[in-house]
Amino acid sequence: MALGGLPGFRDFFPSDMRLRSHILDGWRRVAERYGFEEYDGPPLEPLDLYVRKSGEEIVGQLYRFTDQGGREVALRPEMTPTFARMVGARAAGLPKPIRWYSTPQLFRYERPQKGRLREHFQLNMDIVGEPGELADAEMIAAAIDVLREFGLGEADIVARVSDRRLMGAVLDEFGVAEDSLAAVFAVIDRLDREDEAVLRDRLDAAGVPQAAADRIFEFAADPDPSLSACVEAGDGGPELRDAADRLSRVLGHLDATGLGGFVRFDPTLVRGLAYYTGTVFEVWDRAGEFRAICGGGRYDDLLAAVGGPDLPALGFGMGDVVLGELLIARGLEPEQLPAIQDFVVCVTPEQRPLGLQVAHWLRDSGRRVAYDFADRSVGRQFKVANQMGAERAIVVGPDEAADEAVLIRDLSSGEEARVPIGNLKPMND
RNA sequence: GUGGGCGUAGCUCAGCUAGGUUAGAGCGCCAGGUUGUGGUCCUGGAGGUCGCGGGUUCGAUUCCCGUCGCUCACCCCA
């Protein structure tokens, strides 16, 4: 290989393209089954579109440059700003709620690692203009159904669901100061992966009182947390009660759909959820081998904040990289379809014109057809037909031609039959 | 940005651990095994500056240093 590609970018050989198409096709099927309409925007956007939402520090993680017209531009790292602009342009005239989906290729300048490249495809499904909990449940159900579409079941995946406001209220009640909240969230996110002693040191460094730390670990130790326990721990203020009530209804709706077995209330879900305002969720493989497969939630203030309409909204994103790794690990890759169905065998070069006509008729009727480009022996042509995975060999030879027929051989059973050439003509010819 | 692992044919790897004649295997690929029938089998072939550069040495794929690349983890995560 004289020249490699860029790190974190993928070449999709035919065998890889199979999985990619499988994933993208599955995404589309389910999104449309949920009544979502597809949209797309430009892969290149003004840099400012992302700075405005996420701040200057994000610039280092963007693929960005100055174009020949002096504009600062960036390859899109996420779809939400583009979505906000597009929704804003049409929202006034569209019936609510708006249900749109997209499958953009996104780019981020980061060190590639497992499940995380510099480029990926991401399913985005969003609902705009609906404040009620049925929409929250609908969104989570859609995410689960997308994964079910690929053959993943309750034993494979789990949706962790919470409300953005719950844990903050609980921590407040524990005596955690407002300005150490971020550090505490980071600790909570690592409860499964890090020793308690290390995490206690971090809490201490963040200025969290010993008593508060004790209550955090006690709270997090509950293997099957309940909403009521959460409200109790937080000594339910009105906002906490409202969040708990809402979440309770969301979970109830999900039970009603029959997807309850995929769902788990998890108040420790706090990570990377800066702009969410209510329901938040992530879907994980149960074995915990991979990163989050998908994440999303309600972001009622975001559209207005990035210059879009002031409408409540919610949605999720699901990347193709982790999902692809998971499907491979669970043996759920799509099966390889042979490239062709029919292989036209020419016995002698004299049959070439007839062979070309037969092949073209078959193609016109929708069959996948190939033939040998060289005038090789019949045996060789059969070898190629077999190698290409053909179901049938269509033999065009002098004996058959004399009868205005071809010989059709079933390559798996070996059965042969003479068929009049006219029978191969497409129906509508 | 930080740290670990790995770089030998298209792919998966062996050889290197006391440095030495034309660097190997399996799979894959190509061509044959004659005259109209494939999958198995047999024969032959193509394909490698042993990632790159430097050092030690009579001699380096093998030892040392550097560098690049890949990969995993950390950081970060929209």
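Chain A is the first sequence line, chain B the second, and so forth, proteins listed ahead of strands; every chain is numbered from 1. The structure displayed is predicted, hence computed values, not measured ones.
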J.: By the rule that syn is within 90° of 0, classify the base conformation of B/rA18 as syn or anti.
T.: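 With its glycosidic angle within 90° of zero, B/rA18 counts as syn.
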J.: Does atom OH of A/Tyr109 have more than 12 heavy-atom neighbours, drawn from other residues, nucleotides or ligands, at distances under 6.0 Å?
T.: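 No, OH of A/Tyr109 has 12 or fewer neighbouring heavy atoms, counting only those of other groups under 6.0 Å.
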J.: Mark yes when over 12 heavy atoms from residues, nucleotides or ligands other than A/Arg363 sit less than 6.0 Å from its CZ; otherwise mark no.
T.: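 It does: A/Arg363 CZ has more than 12 such atoms within range.
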J.: If you pin A/Glu110 and A/Gly8 to their nearest nucleotides in RNA chain B, which one's is more 5'?
T.: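 Looking at RNA chain B, the more 5' nearest nucleotide goes with A/Gly8.
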J.: In whole angstrom, what separates A/Arg291's CZ from B/rC76's P?
T.: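 Taking CZ of A/Arg291 and P of B/rC76, I get 13 Å after rounding.
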J.: Walk me through it: do A/Arg352 and A/Gln357 pass the test side-chain hydrogen bond (donor to acceptor under 3.5 Å, both in side chains)?
T.: CA-CA 9 Å; A/Arg352 182 64 75 181; A/Gln357 172 163 80; over 6 Å; no
J.: Say whether A/Gln61 and A/Arg118, considering side chains only, have a donor N or O and an acceptor N or O under 3.5 Å apart.
T.: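 Side chains of A/Gln61 and A/Arg118: no pair found under 3.5 Å.
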J.: Under a 3.5 Å limit for both distances, which nucleotide forms a Watson-Crick or G-U wobble pair with B/rG10, could you say?
T.: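 Paired with B/rC27.
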J.: With both distances under 3.5 Å as the test, what is the Watson-Crick or G-U wobble partner of B/rU35?
T.: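 Here B/rU35 is not engaged in any pair, so there is no nucleotide opposite it.
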J.: Run through A/Leu303, A/Val306, A/Leu49, A/Asp48 and flag the one making a side chain to side chain contact (heavy atoms under 4.5 Å, CB included) with A/Pro81.
T.: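 That would be A/Leu49; it is the only one of A/Leu303, A/Val306, A/Leu49, A/Asp48 passing the side chain to side chain contact (heavy atoms under 4.5 Å, CB included) with A/Pro81.
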J.: Using Watson-Crick or G-U wobble geometry with both distances below 3.5 Å, tell me the partner of B/rG1, or none.
T.: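 For B/rG1, the partner nucleotide comes out as B/rC74, under the 3.5 Å rule.
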J.: Suppose we call a contact any N or O donor and acceptor under 3.5 Å apart; does that hold for the side chain of A/Arg108 and the base of B/rC76?
T.: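 Counting by modelled atom types and ignoring angles, no donor-acceptor contact under 3.5 Å is found here.
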J.: Nearest whole angstrom, please: distance from the P of B/rC70 to the NZ of A/Lys114.
T.: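 A/Lys114 atom NZ is separated from B/rC70 atom P by 19 Å.
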J.: Rounding to the closest angstrom, what is the interatomic distance between B/rU40 and B/rA31 at atom P?
T.: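 One P to the other, the span is 16 Å.
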J.: When the distance from CG of A/Asp375 to C1' of B/rA31 is rounded to whole Å, what number comes out?
T.: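 That distance rounds to 17 Å.
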J.: Please name the nucleotide paired to B/rG19 by Watson-Crick or G-U wobble geometry with both distances under 3.5 Å, or report none.
T.: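 Across all strands, not a single nucleotide pairs with B/rG19.
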J.: Honestly, is A/Arg20 close enough over A/Phe12, meaning NZ or CZ under 6.0 Å from the six-membered ring centre and within 45° of the axis?
T.: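 Checked: cation-pi criterion met.
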J.: Would you state whether a donor and an acceptor, one from the side chain of A/Arg111 and one from the base of B/rC75, lie under 3.5 Å apart?
T.: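 Donor-acceptor pair under 3.5 Å: no.
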J.: How many whole angstroms separate atom CZ of A/Arg116 from atom P of B/rU71?
T.: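 Rounded to whole Å, this separation is 15 Å.
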J.: Given B/rA31, is OP1 or OP2 found less than 4.0 Å from the side-chain N or O atoms of A/Arg376?
T.: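 Yes, within the criterion.
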J.: Looking at A/Arg380 and A/Asp372, does any basic side-chain N land under 4.0 Å from a carboxylate oxygen?
T.: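 No, this pair does not count.
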J.: Using atom C1' of each nucleotide, how far apart are B/rC68 and B/rU43 to the nearest Å?
T.: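 Nearest-Å result for B/rC68 against B/rU43 at atom C1': 43 Å.
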J.: Could you tell me the separation between the CD atom of A/Glu119 and the P atom of B/rC77, rounded to a whole number of Å?
T.: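 To the nearest whole Å, that distance equals 22 Å.
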J.: Rounded to the Å, how far apart are A/Phe185 CZ and B/rC76 C1'?
T.: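 Computing the A/Phe185:CZ to B/rC76:C1' distance gives 18 Å.
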J.: For nucleotides 9-13 of chain B, tabulate all protein N/O to nucleotide N/O atom pairs closer than 3.5 Å, reporting atom names and distance.
T.:
none

J.: Any donor and acceptor pair, going by atom type alone, linking the side chain of A/Gln381 with main-chain N or O of A/Arg376 inside 3.5 Å?
T.: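 Confirmed, A/Gln381 side chain pairs with A/Arg376 backbone.
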J.: Rounded to whole angstrom units, what separation is found between the CZ atom of A/Phe9 and the C1' atom of B/rG69?
T.: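 Computing the A/Phe9:CZ to B/rG69:C1' distance gives 17 Å.
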J.: Using the C1' atoms only, state how far B/rC50 lies from B/rG15, rounded to an integer number of Å.
T.: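 Between the two C1' atoms, the distance is 10 Å.
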J.: When the C1' atoms of B/rU56 and B/rC64 are compared, how many Å lie between them, rounded to an integer?
T.: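 Their C1' atoms lie roughly 7 Å apart.
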J.: Please state the C1' separation for the pair B/rU67 and B/rA46 - nearest whole angstrom.
T.: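 Those two atoms are separated by 33 Å.
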J.: What one-letter contact string describes nucleotides 36-46 of chain B from 5' to 3', where B marks a base within less than 4.0 Å of any protein heavy atom, S marks contact via sugar-phosphate atoms alone, and - marks no contact?
T.: BBBB-B-----
J.: May I ask you to decide if A/Tyr39's main-chain N or O and A/Ser102's side chain share a donor-acceptor pair within less than 3.5 Å?
T.: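 Confirmed, A/Ser102 side chain pairs with A/Tyr39 backbone.
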J.: Taking only the C1' atom of each, what is the distance from B/rU8 to B/rG51 in whole angstrom?
T.: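 My reading of the C1' atoms in B/rU8 and B/rG51 gives 10 Å.
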J.: Are the side chain of A/Arg200 and the backbone N or O of A/Gln210 linked by a donor-acceptor pair below 3.5 Å?
T.: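 Pair absent, no side-chain N/O of A/Arg200 close to backbone of A/Gln210.
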J.: For residues A/Glu78 and A/Tyr50, is any side-chain donor paired with an opposing acceptor at under 3.5 Å?
T.: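 Side-chain D/A pair, A/Glu78 to A/Tyr50: absent.
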J.: How long is the line joining CG of A/Leu47 and C1' of B/rA78, in whole Å?
T.: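 It works out to 14 Å between those atoms.
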J.: Taking atom P in both B/rU34 and B/rU71, what distance in whole Å separates the two?
T.: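 That atom pair is separated by 48 Å.
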J.: State the pairing partner of B/rU61; accept Watson-Crick or G-U wobble contacts with both distances under 3.5 Å, and report none otherwise.
T.: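 Result: none.
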J.: Can you tell me, in whole Å, how much space there is between the C1' of B/rC42 and that of B/rG48?
T.: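 Those two atoms are separated by 27 Å.
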